Amino acid sequence: MRLALLGCGTVGQEVVRLLHEQSADLAARIGAPLEIAGIAVRRLGRDRGDLPVDEDLFTTDALGLIKRDDVDVVIEVVGGIEPARSWLVEALRAGKSVVTANKALLAEDGVALHEAAAEGGGDLYYEASVAGAIPLLRPLRESLHGDRINRVTGIVNGTTNFILSAMDATGAGFAEALEEATELGYAEADPTADVEGFDAAAKAAILASLAFHTRVGAADVHREGITEVTAADMASAQAMGCTIKLLCIAARGVDPAGRETVSVRVHPAMIPRSHPLASVGDAFNAVFVEADAAGQLMFYGRGAGGAPTASAVLGDVVAVSRNRLAGVRAASESAYAALAVRPMGEALTRYHVSLDVADRPGVLAAVAGVFARHHVSIATVRQGSAGGAPGRDGDAELVIVTHVAPDAALAATVVELRGLDIVRSVTSVLRVEGGA
Ligand SMILES: NC(=O)c1ccc[n+]([C@@H]2O[C@H](COP(=O)([O-])OP(=O)(O)OC[C@H]3O[C@@H](n4cnc5c(N)ncnc54)[C@H](OP(=O)(O)O)[C@@H]3O)[C@@H](O)[C@H]2O)c1
């Protein structure tokens, strides 16, 4: 089985190492040896340590490598949309099998890849694109195909989980925790893709597509990052027995016309400490799946890093190689359900709202009236400065937790609260998930 490796950076180098270290076992498991036909990179002279591979295998001509007749499987660990998309479409149309870790490309234009795979008859596997080493996509696309998945809730970005875990443990603000994450190598020099939720949104799209047999792209995902989460928000969460996590949530629902829908969103949310995802600390990932018959399932492990990601890549290489030797291909994309993606405004959520209000009679009634006008039912009201910034003289802090309501109604409530004279400021607005 001849492999073309596109990219030899953090993940690619570990793929090369694992292929070398495990070559005998891999050959035995597949029924044929795996051989690297070539490695495409951008800079030939770059120092890649002492990789156990012949220098002559390196090339800057990725397309030429893909087109070679002696290449069976193309492994793409370059990243980005182009030229990766053109390369993989070319490889798949030519009947090669493709293994990729490229979540951005799958979320942006997975359709083009799936169509090219169907045309060429090869396999398209991408286990490493979501949650690194954690076996998650194979369970969704195979093991759970006899069941009906209702909801997928995940922590799928290690950088933001590290930052929020640090804020929870030390009381640090976002900027301070980001600095620590950068120093320790958990955040990139430009952390935008992680802290603004783009990376998690791409993964949410991939998970939702597989869980609900529906094409969901990055543009369908409501996305909010963690840059606005403050130390005061975390303190408020702690006062309620909760913590704050950046969650990716993909859920079935029913729209007002009675049609089945999906909603897919990424945003910070308070979850109770008793929730299984609350104890997922540092840069770890975890995904919680709720299915009709299987009930609740939790997948946990390292979501990134060269070796963990290479483990998932190699697992896919074994699977596609076996298929090629057997002359079969895995089931193609399953998008038959074609559920409509529901706008965020219709998603049902709960809110935790902290207000700094004038401390005088009638304030509570006025605030409650705003919630009532938007048909948002209040679950609890607490007064005091617990967890939040102490109010100014003559002010009081109100902490309100709502029942489930459409997100748009909750957002409109907050807008109106901000306009009230008696509301000095809305100090914290957070969605609440998981029964807090
Ligand atoms: N790192 C992780 O923990 C992780 C986890 C899960 C998924 N992934 C995904 O895995 C993929 C690779 O990530 P990575 O961290 O390994 O990236 P990386 O360290 O930046 O490596 C990228 C590799 O691609 C090569 N490359 C870039 N542009 C190229 C071009 N135009 N032609 C040929 N080669 C080119 C680079 O060549 P040079 O070496 O010559 O610069 C480098 O070898 C991405 O899709 C990423 O999202 C990464």
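Just so you know, these numbers come straight off a predicted model, no measurement behind them. Numbering of ligands and ligand atoms starts at 1, following listing order.
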Option from Val130, Val266, Val287 for which side chain to side chain contact (heavy atoms under 4.5 Å, CB included) with Lys203 holds:
Val130
To the nearest 0.1 Å, how far is atom 41 (O) of ligand 1 from its closest protein heavy atom, and which atom is that?
Arg43 NH2, 2.5 Å
Looking at Arg138 and Asp316, does any basic side-chain N land under 4.0 Å from a carboxylate oxygen?
yes
Test: Glu333 and Arg215 ion pair at under 4.0 Å
yes
Could a heavy atom of Ala62 be found less than 4.0 Å from some atom of ligand 1?
no
Using a 3.5 Å distance criterion without hydrogens, assess whether the side chain of Asp220 forms a donor-acceptor pair with backbone atoms of Val341.
no
Which residue owns the protein heavy atom closest to atom 15 (O) of ligand 1, what's the atom, and how far is it?
Thr10 CB, 3.5 Å
Apply the test side-chain hydrogen bond (donor to acceptor under 3.5 Å, both in side chains) to residues Asn150 and Asp292: give CA-CA distance (whole Å), side-chain angles for both, the deciding distance (0.1 Å), then the verdict.
CA-CA 7 Å; Asn150 293 313; Asp292 264 358; 2.9 Å; yes
How does Val11 reach ligand 1, by side chain, by backbone, by both or by neither, if only non-hydrogen atoms under 4.0 Å count?
both
Within the 4.0 Å heavy-atom shell around Gly7, which atoms of ligand 1 are there?
23 (C), 24 (O), 25 (C), 43 (O)
Whether the Thr230 and Asp233 side chains hold a donor-acceptor pair (N or O, under 3.5 Å, no angle test) is what I'd like checked.
yes
Tell me which protein heavy atom sits closest to atom 26 (N) of ligand 1, plus the residue, atom name and distance to 0.1 Å.
Val78 CG1, 3.7 Å
Contact region, Trp87 to ligand 1, non-hydrogen atoms below 4.0 Å, reads side chain
